Trainee: 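For reference, the structure I am asking about is given below.
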Amino acid sequence: MKQYKEAITLAFSGASGAPYGLRLLEVLVAMNYQVYVLISSAARVVLDTESNIKLSGNEQKCTEQLSELVKAGPEQVKVFGKDNWFSPVASGSAAPKKMVVCPCSAGSVSAIAVGASDNLLERAADVVIKERGQLILVPRETPFSSIHLENMHKLSQMGVTIMPAAPGFYHKPESIDDLVDFMVARILDHLHIEHTLTKRWGYGDHK
Ligand SMILES: Cc1cc2nc3c(=O)[nH]c(=O)nc-3n(C[C@H](O)[C@H](O)[C@H](O)COP(=O)(O)O)c2cc1C
């Protein structure tokens, strides 16, 4: 079987911003990482609404759809259903040490902040926190309420990286893809994955 770099968990929840998650998946696959994908029910609606992607509710079919979309190798992308408690991400004994929720809804932020673990996405995040791995949340909501801010503050204090989907404009984006890549580049930076998606400040033509 083809060997991939370490597995990373990428979860899509139901916030606006499906293109960020899809691009992150595409880039991780192109960089030869294995990716375990979790998709909430609301995220399926958002993916359809924003990117015209209708994902099957069947794990295997959904894996095939996404694999084809991002040109993944055999077994490189694995989708786990929201009740698949037997998947590796559900247990600290097998879960990847790195997880990104992108995009992350205010609802998922809240559930993760209280350790609800009521679906596989929430459980996987809970596992990464308890195992002291790296959890990155990419929330998208505006404005943030005090509830959202309190939840994010609580998570930040326990080492979770809160990285709002708030692309900069100083790299002079010419397209939506450029804005998406700005966010994906920053996420990769925090995952300590080298990339050339965007020019770095001080090295490019930013003036
Ligand atoms: C098209 C669409 C866009 C949405 N955008 C957002 C959003 O930007 N931020 C957010 O927090 N919730 C958003 N929601 C609402 C969440 O999907 C909803 O609260 C859901 O219960 C979140 O569940 P999940 O975290 O399990 O995915 C959106 C819903 C839809 C259908």
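This is a predicted model, so every value here is computed, not measured. For ligands, and for the atoms within them, numbers begin at 1 and follow the listed sequence.
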Trainee: Could you check Ser40, Ser13, Pro139 and say which one makes a side chain to side chain contact (heavy atoms under 4.5 Å, CB included) with Val101?
Mentor: Ser13
Trainee: Around atom NZ of Lys71, are there more than 12 heavy atoms of other residues, nucleotides or ligands at under 6.0 Å?
Mentor: no
Trainee: Quiz question for you: does at least one protein heavy atom lie closer than 4.0 Å to atom 28 (C) of ligand 1?
Mentor: yes
Trainee: Kindly assign one of parallel, tilted or perpendicular to the pair Tyr36 and Phe80, based on the angle between their ring planes and the thresholds 30° and 60°.
Mentor: perpendicular
Trainee: Run the numbers for me: atoms of ligand 1, each under 4.0 Å from some heavy atom of Ser108, listed by number.
Mentor: 24 (P), 25 (O), 26 (O)
Trainee: Tell me, do Phe12 and Leu22 make a side-chain contact under 4.5 Å, heavy atoms counted?
Mentor: yes
Trainee: So if I count the atoms of ligand 1 from 1 in the order they appear, which ones are less than 4.0 Å from some heavy atom of Ala106?
Mentor: 10 (C), 11 (O)
Trainee: Donor-acceptor pair, distance only, cut-off 3.5 Å: does the side chain of Gln134 make one with the backbone of His190?
Mentor: yes
Trainee: Tell me whether atom 19 (O) of ligand 1 lies less than 4.0 Å from at least one protein heavy-atom position.
Mentor: no
Trainee: Does the side chain of Glu50 come under 3.5 Å of the side chain of Ser16 through a donor N or O and an acceptor N or O?
Mentor: yes
Trainee: Which protein non-hydrogen atom lies closest to atom 10 (C) of ligand 1, naming both residue and atom, and how far is it?
Mentor: Glu141 OE2, 3.4 Å
Trainee: Can you tell which of Ile39, Val46, Val45 gets a heavy atom nearest to atom 2 (C) of ligand 1?
Mentor: Val46
Trainee: Report, in ascending order of atom number, the atoms of ligand 1 lying under 4.0 Å from any heavy atom of Ser13.
Mentor: 25 (O), 27 (O)
Trainee: I need the nearest protein heavy-atom contact for atom 14 (N) of ligand 1: residue, atom name and distance, please.
Mentor: Gly14 O, 3.0 Å
Trainee: How close do Gly92 and Glu131 get, heavy atom to heavy atom, and via which atoms?
Mentor: CA-OE2, 3.5 Å
Trainee: Between Lys82 and Ser41, is there a donor-acceptor pair closer than 3.5 Å when you use the side chain of the first and the backbone of the second?
Mentor: no
Trainee: Tell me the protein heavy atom at minimum distance from atom 5 (N) of ligand 1, and give that distance in Å.
Mentor: Ser16 N, 3.2 Å
Trainee: Which atoms from ligand 1 have a heavy atom of Arg140 less than 4.0 Å away?
Mentor: 7 (C), 8 (O), 9 (N), 10 (C), 11 (O)
Trainee: So between Ser105, Ala42, Ser40, whose heavy atom ends up nearest atom 26 (O) of ligand 1?
Mentor: Ser40
